[in-house]
There are 4 protein chains.
Amino acid sequence: MSYMRSEERARQILACAKRVFAERGFHAANVSHICEAAGIGRGTLYQYFANKQAVLTAILRDTLDRVKALMERQSALNVTFAPPEKLTRAVAIEYSARQLRELLEVVFEDNDTLRILLREAVGLDVDVEKILGEIDATLVAIVERDIIRAQAAGYLRALDAHAVAIMMVGGVEKLALAALRGDVPVDLDKLAREATRLHAIGTLSDRLKPDPT
Amino acid sequence: MSYMRSEERARQILACAKRVFAERGFHAANVSHICEAAGIGRGTLYQYFANKQAVLTAILRDTLDRVKALMERQSALNVTFAPPEKLTRAVAIEYSARQLRELLEVVFEDNDTLRILLREAVGLDVDVEKILGEIDATLVAIVERDIIRAQAAGYLRALDAHAVAIMMVGGVEKLALAALRGDVPVDLDKLAREATRLHAIGTLSDRLKPDPT
Amino acid sequence: MSYMRSEERARQILACAKRVFAERGFHAANVSHICEAAGIGRGTLYQYFANKQAVLTAILRDTLDRVKALMERQSALNVTFAPPEKLTRAVAIEYSARQLRELLEVVFEDNDTLRILLREAVGLDVDVEKILGEIDATLVAIVERDIIRAQAAGYLRALDAHAVAIMMVGGVEKLALAALRGDVPVDLDKLAREATRLHAIGTLSDRLKPDPT
Amino acid sequence: MSYMRSEERARQILACAKRVFAERGFHAANVSHICEAAGIGRGTLYQYFANKQAVLTAILRDTLDRVKALMERQSALNVTFAPPEKLTRAVAIEYSARQLRELLEVVFEDNDTLRILLREAVGLDVDVEKILGEIDATLVAIVERDIIRAQAAGYLRALDAHAVAIMMVGGVEKLALAALRGDVPVDLDKLAREATRLHAIGTLSDRLKPDPT
DNA sequence: AATGAATGAGAGTTCATTCAT
DNA sequence: CATGAATGAACTCTCATTCAT
């Protein structure tokens, strides 16, 4: 037996649970697995969390908090925009990619979080689904707000900001998942650059005949 | 109970199971639920499928087969390309959107399949994961091949075809998921158009200062 | 494994459970104990009863049904009364004792039922308490009705029929419990006689000075 | 926490435990509940009582002590009896009722004790059962001795003193239980009167034809 | 071929009790 | 003395699967 301050113990359990959930998946992971990993008795977990699912939701809520915090941090920021005629595509893309990278870093703090968010927590209970939905909505909202700001500044053309934000988030997540499957740690930097570039300038070649305006 | 030709009965069970899995999720759905829906005894299911998971994998394999069939159908096709200088963006996008739509129709035959592929079958066993991975890989491969063909024809600029394909698929799926959450039947046509347009011409405004070449 | 018709199996489980509950008490008795006694697997019990407590309530409800049936059987009966002046105490008591005996036979079908009703089912959940209360109320109602009938016929003096009924039932039950403690099978016949005699003529001696009327 | 003299603290815990047991029942009541009620930490209880059940038995033993004390107090008393021919029924009953009342006051000090004795402590462990049995035996013994004394004095007719005592106690307890169910505080005075009257003169009417002696 | 009664491994959870602080 | 964090035995209950009918 080893004593620990309540707050600290709860965090320790969450950390171990995250690893266990990521490794085995929510259903395959026993409460026993988590407790073994945390080096505590099975009963101890229930002093900190109401039940197994509450452990998962606590993990997810952590992420949700981080994402929300980022959103507010960015809201506080006061950005001034150069006129579009002074800004090259390359610079704009570079700036965008940095923004996205920051976002990714916050959500996918580590590969375990990534795995849990995109895989192990998917398709569970409605409670879980709700938090997952909130995280998703916040992510999309952040991207969407960036798009709208950039539109207002004249950097982006007219488009459905919400739909585009969703697609961007989805595209990036899929790329992350694909990387995950390869079992190499995900390179968030490369991911951010590639996604930004695609979404910024699209795929079509300049050689195409101009549209008749 | 009513007798039925083996083949037919198996298909009927699959159809019911698909509905049940989509409605309740894989774990929440009992074998009993499925059998009730199919109007058969609980033992009967085991004469057609080795176990509960085999039912799910059969459903997924169905989808995988359809996607693979599409891929081969398209391979057989012999497309001739106009020179890019003769093709406007609008026409190119229109063509692309039609292609994507066809793909979506095949994968997301119905909302139940959609839900199972993107949610209920996620994060389960490795066997399931493997089929899901194959479906994904095939989808990406189809899109990727289209991209490479279009590049060869000079329609698309130089880009990492694989990564872009992944992002496209991910973006579209996310859009589909978002629609699913709204509980309205997904409008595949609109979805295809929006996605294609974004991925084709990107988000940046023409007013930006040209890159120094 | 041995197959059994549903109805029959349920009854068999109830019979075994009654024995087990009587022997060990509700809390000390495991579901395993019951199932072992019934020679079935632990899961089988749950095909017939929602949970452990439902087994107990089923047992109690059986008794309740029997008591209610007795009540109605007696209601149907049409008794004619001789004028009190023609009836000796001894005869009246004899008749009463037979009535009571019939009642006791129905409630305390066997020593196990007796023990469960008066001991093992006491102080449990409110649901259990409710059925126990209903049984009690019915018993009291039967006795009370007899009292009122006998009063109307002039056999019994003026008294609070309800309170007296309660006391009678309580007295008899306590006697039964005491007998139970001695671990000898309860002699319902003797019990009925003793109780009836006490309640009929009371304890006071005739030698007492008559009340000044 | 506040310090308290050992003896005093133990009594305080017992008082709180009594309330808790009465309100929730022995099994439903947690050690935590008791400790919260007593305003002490969960570990502290174990410095005064070996375990949860010891708390209950201590409560019961308190009652047992009180009943035994009453018994001895009455033994010490030296009663002189008037000849039966000088005593009216009404006076005898009045006297008896007062005796009973005193007894009831001692046993059912309060509604919580009542509830615990008649409900929450029933059907538990053999140790508990044993004390309960001792209390019961003492109660019966007191009543029985009174009966025998009164018989000796010629007040009561010939009867099985033990059996009658048991029935009396049982009748009174049942009346008390019934009152308890109504959730009104039990009126011990009325209870004593009603019971005594019934048991004294019985139920039969005087109009019955006299027994042929 | 079809059934559904029977199964039992294994899950999550509770809570009286211990003991380091 | 007092505490409450830690414990783990023991419980009830679920449900995919088997197999006698």
Side-chain angles (χ1 to χ4, degrees), chain A residues 1-6 8-10 27-35 38-55, chain B residues 1-6 9 27-35 39-55, chain C residues 1-6 8-10 27-35 38-55, chain D residues 1-6 9 27-36 38-55:
Chain A
M1 194 192 332
S2 91
Y3 275 58
M4 206 179 255
R5 271 211 1 275
S6 178
E8 201 176 341
R9 172 69 77 188
H27 275 106
N30 283 359
V31 171
S32 303
H33 292 141
I34 300 174
C35 294
I40 58 173
R42 261 209 325 289
T44 306
L45 185 141
Y46 286 90
Q47 295 221 329
Y48 295 90
F49 302 95
N51 49 43
K52 187 186 168 189
Q53 187 173 287
V55 178
Chain B
M1 235 304 95
S2 69
Y3 281 62
M4 209 180 250
R5 273 216 356 279
S6 179
R9 171 54 48 102
H27 275 107
N30 286 358
V31 172
S32 303
H33 292 143
I34 300 173
C35 293
I40 58 174
R42 248 201 340 284
T44 308
L45 185 141
Y46 287 86
Q47 304 227 330
Y48 294 89
F49 300 96
N51 51 41
K52 186 186 170 188
Q53 187 172 285
V55 178
Chain C
M1 194 194 327
S2 92
Y3 274 60
M4 206 178 254
R5 269 212 1 276
S6 177
E8 201 175 340
R9 172 69 77 189
H27 275 107
N30 282 359
V31 171
S32 302
H33 292 141
I34 300 173
C35 293
I40 58 173
R42 260 205 331 286
T44 306
L45 186 140
Y46 288 89
Q47 297 221 325
Y48 294 89
F49 302 96
N51 50 43
K52 187 186 168 187
Q53 187 173 287
V55 178
Chain D
M1 236 302 96
S2 68
Y3 280 63
M4 210 180 249
R5 274 219 352 282
S6 179
R9 170 58 45 105
H27 274 106
N30 286 358
V31 172
S32 303
H33 292 142
I34 300 173
C35 294
E36 265 169 47
I40 58 173
R42 245 195 347 279
T44 309
L45 186 141
Y46 287 87
Q47 304 228 330
Y48 294 90
F49 301 96
N51 51 41
K52 185 185 170 187
Q53 188 173 285
V55 178

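Per chain, numbering begins at 1; letters A, B, ... match sequence-line order. All values below come from the heavy atoms of this structure, side chains included, with hydrogens, waters and symmetry mates left out.
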Item to check | For A:Val31 against A:Tyr46, the heavy-atom pair lying closest together | outcome: CG2-OH, 3.6 Å
Checklist outcome for this item: Looking only at F:dC11, E:dT13, F:dT17, the nucleotide nearest the A:Lys52 side chain is E:dT13
Next on the checklist: Please report the distance, rounded to the nearest Å, between CG in C:Asn30 and P in E:dG8.
Outcome noted: 17 Å
Checklist outcome for this item: Note: for B:Gln47 and C:Ala29 on DNA chain F, the residue whose nearest nucleotide lies more 5' is C:Ala29
Next on the checklist: If the helix axis at each end comes from five base pairs, how far does the helix from E:dA2-F:dT21 to E:dT21-F:dA2 deviate from straight, to 10°?
Outcome noted: 0°
Checklist entry - Rounded to the nearest Å, what distance is computed from the CZ atom of residue C:Phe49 to the C1' atom of nucleotide F:dC13? => result 16 Å
Item to check | Check: C:Asn51 side chain, C:Ala54 main-chain N or O, donor-acceptor pair, under 3.5 Å | outcome: yes
Checklist entry - So which one's nearest nucleotide on DNA chain E is more toward 5', A:Ser32 or A:Thr44? => result A:Ser32
Next on the checklist: Show, in sequence, the C-alpha distance, side-chain angles and deciding distance for B:Val55 and B:Tyr48, and conclude whether the side-chain contact (heavy atoms from CB on, under 4.5 Å) test is met.
Outcome noted: CA-CA 9 Å; B:Val55 178; B:Tyr48 294 89; over 6 Å; no
Checklist entry - How long is the span from the NZ atom in B:Lys52 to the CD1 atom in B:Ile34, to the nearest 0.5 Å? => result 6.5 Å
Checklist entry - For C:Ile34 and F:dC13, what is the distance between atoms CD1 and P respectively, to the nearest whole Å? => result 10 Å
Checklist outcome for this item: Closest heavy-atom pair, D:Arg42 versus D:Cys35, reported as atoms and distance to 0.1 Å, is CA-SG, 3.7 Å
Checklist entry - With nearest nucleotides of DNA chain E determined for D:Gln53 and A:His33 from heavy-atom distances, which residue corresponds to the more 5′ nucleotide? => result A:His33
Item to check | Nearest-Å distance for atom pair CG/P, residues C:Leu45 and F:dT14 | outcome: 11 Å
Checklist entry - Where the side chain of A:Arg9 is concerned, which of F:dC13, E:dA6, F:dA6 is the nearest nucleotide? => result F:dA6
Next on the checklist: Can you measure D:Tyr48 atom OH to E:dT17 atom P for me and round it to whole angstrom units?
Outcome noted: 18 Å
Checklist entry - What nucleotide among F:dT17, F:dG4, F:dC13 has an atom nearest to a side-chain atom of D:Arg42? => result F:dG4
Checklist entry - Separation of A:Glu8 atom CD from F:dG4 atom P, in whole Å? => result 18 Å
Item to check | Any B:Tyr46 side-chain N or O less than 4.0 Å from OP1/OP2 of F:dT17 | outcome: yes
Item to check | First encountered from the 5' end of DNA chain F, between B:His27 and C:His27 | outcome: C:His27
